[in-house]
Amino acid sequence: MADTISVAVLGTGTMGAPMARNLLRAGHTVRVWNRTRSRAEPLAADGAYVADDPADAVRGVDAVLTILLDGPSVLAAMREAAPELRRGAVWLQSSTVGPAALAPLAELAAEHGVYFVDSPVLGTKAPAEQGQLQVLAAGPQAARPVADQVFDAIGSRTLWLGEDGAEGAASKLKLVFNNWVLTVINGTAETLALAKGLGVDPQRFLDALEGTLLDSGYLRMKAKAILNEDYTPSFTVSAAIKDARLITEAAEQAGVRLDLAPAGVERLRRAEAQGHGGKDGAASYLASFEG
């Protein structure tokens with residue numbers, strides 16, 4: 001196995017840009033593309049090659065990492081890239097697309113002789129910048145020597161869940177995980193909104209949590225954002241809506257009735273309609289008060 005590899009990163013947003021930088025720090029050759037080129041161009045200063053289109057980005061690389069908004073975005077980009085995909089390359093699909101979106105992606109990979117790895121990540125902006133993401137992965141053994149070099153650069157732990165990425169083991173676990181994330185975000189937002197409405201000092205609520213089993217670092221991080229009115233995005237309201245809808249759809253297809261997730265979609269949708277779509281998901285707090 002080579003000490004370094006070449007990687008194309010398709011999508012250089014909140015997650016993709018720091019992932020690309022960590023690949024560069026690990027010594028790998030990195031080619032990047034983003035539909036809005038200006039979001040990819042800063043990576044040139046870190047040593048990345050900024051491609052004009054997906055096909056240019058993937059030309060001759062050992063691995064392709066997709067970290068785009070959703071399944072249709074990933075499929076469109078990889079269809080553009082397809083003519084330049086090298087047979088035997090490894091495609092690491094790290095966007096949150098849901099299990100229903102995997103079949104056409106895996107089929108496209110098979111058509112072009114590319115190993116497909118379903119590999120969503122756990123973590124947001126800060127863990128991505130620190131190279132501390134957790135990777136959920138499912139894909140063939142033959143892909144793992146290359147895949148693990150990428151995962152070691154962007155994350156602190158990789159959990160391999162199977163050998164067929166199309167089966168969705170990783171994407172299903174990601175939805176289960178994100179269902180809990182959204183529960184904490186919306187629960188924190190509503191709780192602090194209730195405190196405000198009742199005239200309760202929110203710090204007293206946080207003090208009451210101290211040392212109990214109900215406390216959590218993530219709750220406190222979102223509470224701090226709300227209390228400081230700092231909605232710098234790590235996981236935007238709009239992205240949360242997309243994930244909440246994927247969760248709801250997957251549950252319906254599995255015959256599972258969810259109540260909190262659909263309600264969360266509506267709450268987040270209301271926040272987005274109020275103009276908060278690009279803010280951090282904690283801005284769902286604002287949906288409690290604005291018209």
Side-chain angles (χ1 to χ4, degrees), residues 13-19 39 67 69-70 95-96 98 120-134 156 174-248 251 258-291:
T14 300
M15 300 292 287
M19 292 163 85
R39 298 195 71 181
I67 184 73
L69 176 63
D70 54 22
S95 316
T96 302
V121 295
L122 306 182
T124 52
K125 182 180 179 182
E129 291 173 342
Q130 297 159 6
Q132 294 295 305
L133 295 168
Q134 294 188 60
S156 59
K174 177 63 187 291
L175 292 191
V176 172
F177 183 90
N178 272 20
N179 187 61
W180 178 242
V181 168
L182 292 171
T183 299
V184 175
I185 290 174
N186 283 319
T188 303
E190 285 202 348
T191 298
L192 294 187
L194 177 63
K196 180 177 182 179
L198 296 180
V200 173
D201 182 350
Q203 190 57 51
R204 289 188 174 177
F205 160 66
L206 294 172
D207 289 346
L209 278 179
E210 188 98 27
T212 73
L213 294 176
L214 295 172
D215 204 355
S216 82
Y218 195 66
L219 179 156
R220 288 186 176 271
M221 182 173 75
K222 295 304 174 184
K224 181 179 179 181
I226 292 167
L227 296 177
N228 291 341
E229 299 182 5
D230 179 4
Y231 298 111
T232 303
S234 62
F235 179 34
T236 67
V237 166
S238 294
I241 292 171
K242 182 265 296 184
D243 286 5
R245 285 175 173 157
L246 288 175
I247 290 162
T248 301
L258 299 181
D259 295 304
L260 296 182
V265 172
E266 174 55 26
R267 181 177 184 84
L268 292 161
R269 186 209 59 75
R270 192 165 70 247
E272 184 181 57
Q274 293 166 351
H276 307 306
K279 297 177 181 178
D280 188 76
S284 79
Y285 171 82
L286 301 173
S288 292
F289 302 107
E290 298 184 9

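Hydrogens, waters and symmetry mates play no part in the numbers below; they use all other heavy atoms, side chains included.
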Would a 4.5 Å heavy-atom cut-off, applied to side chains only, mark [X] and [Y] as touching?
X      : Y      : value
Gln132 : Ser156 : yes
Lys224 : Asp230 : no
Thr96  : Leu175 : yes
Val181 : Phe235 : yes
Asn186 : Leu268 : yes
Leu219 : Leu209 : yes
Ile247 : Leu182 : yes

So which atom in [X] and which in [Y] form the shortest heavy-atom distance, rounded to 0.1 Å?
X      : Y      : result
Gln274 : Leu286 : OE1-O, 3.6 Å
Lys174 : Leu122 : CD-CD2, 3.5 Å
Ser284 : Ala271 : CA-CB, 4.1 Å
Ala261 : Asn179 : CB-OD1, 3.8 Å
Pro202 : Leu227 : CG-CD2, 3.5 Å
Thr14  : Arg39  : N-NH2, 3.9 Å

Exercise. Taking NZ, NE, NH1 and NH2 as the nitrogens, is one of them in Arg269 or Glu272 under 4.0 Å from a carboxylate oxygen of the other?
Worked result: no
Exercise. Are the charged groups of Asp280 and Lys222 less than 4.0 angstrom apart, N to O?
Worked result: yes
To the nearest 0.5 Å, what is the distance between [atom1] on [X] and [atom2] on [Y]?
X      : Y      : atom1 : atom2 : value
Asp243 : Leu69  : CG    : CG    : 8.5 Å
Tyr218 : Thr124 : OH    : OG1   : 5.5 Å
Ser216 : Met221 : OG    : CE    : 9.0 Å
Glu129 : Met15  : CD    : CE    : 9.5 Å

Problem set entry | Side-chain donor/acceptor of Lys279 to backbone N/O of Thr232, under 3.5 Å |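 No, because the side chain of Lys279 does not come within donor-acceptor range (under 3.5 Å) of the backbone of Thr232.
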Exercise. Between Tyr285 and Lys196, is there a cation-pi geometry (under 6.0 Å to ring centre, at most 45° from the normal)?
Worked result: no
Exercise. Side-chain donor-acceptor pair under 3.5 Å between Gln203 and Asp207, yes or no?
Worked result: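 A pair is found: one side chain offers a donor N or O, the other an acceptor, under 3.5 Å apart.
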For this session: Carefully, step by step, assess Ile67 and Met19 under the rule side-chain contact (heavy atoms from CB on, under 4.5 Å).
Result: CA-CA 9 Å; Ile67 184 73; Met19 292 163 85; 4.1 Å; yes
Problem set entry | Member of Arg245, Lys242, Arg270 meeting the side-chain contact (heavy atoms from CB on, under 4.5 Å) criterion with Val265 |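 The passing option is Arg245.
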Problem set entry | Worked verdict on Glu210 versus Arg220 for salt bridge (Lys or Arg N to Asp or Glu O under 4.0 Å) | CA-CA 10 Å; Glu210 188 98 27; Arg220 288 186 176 271; 3.7 Å; yes
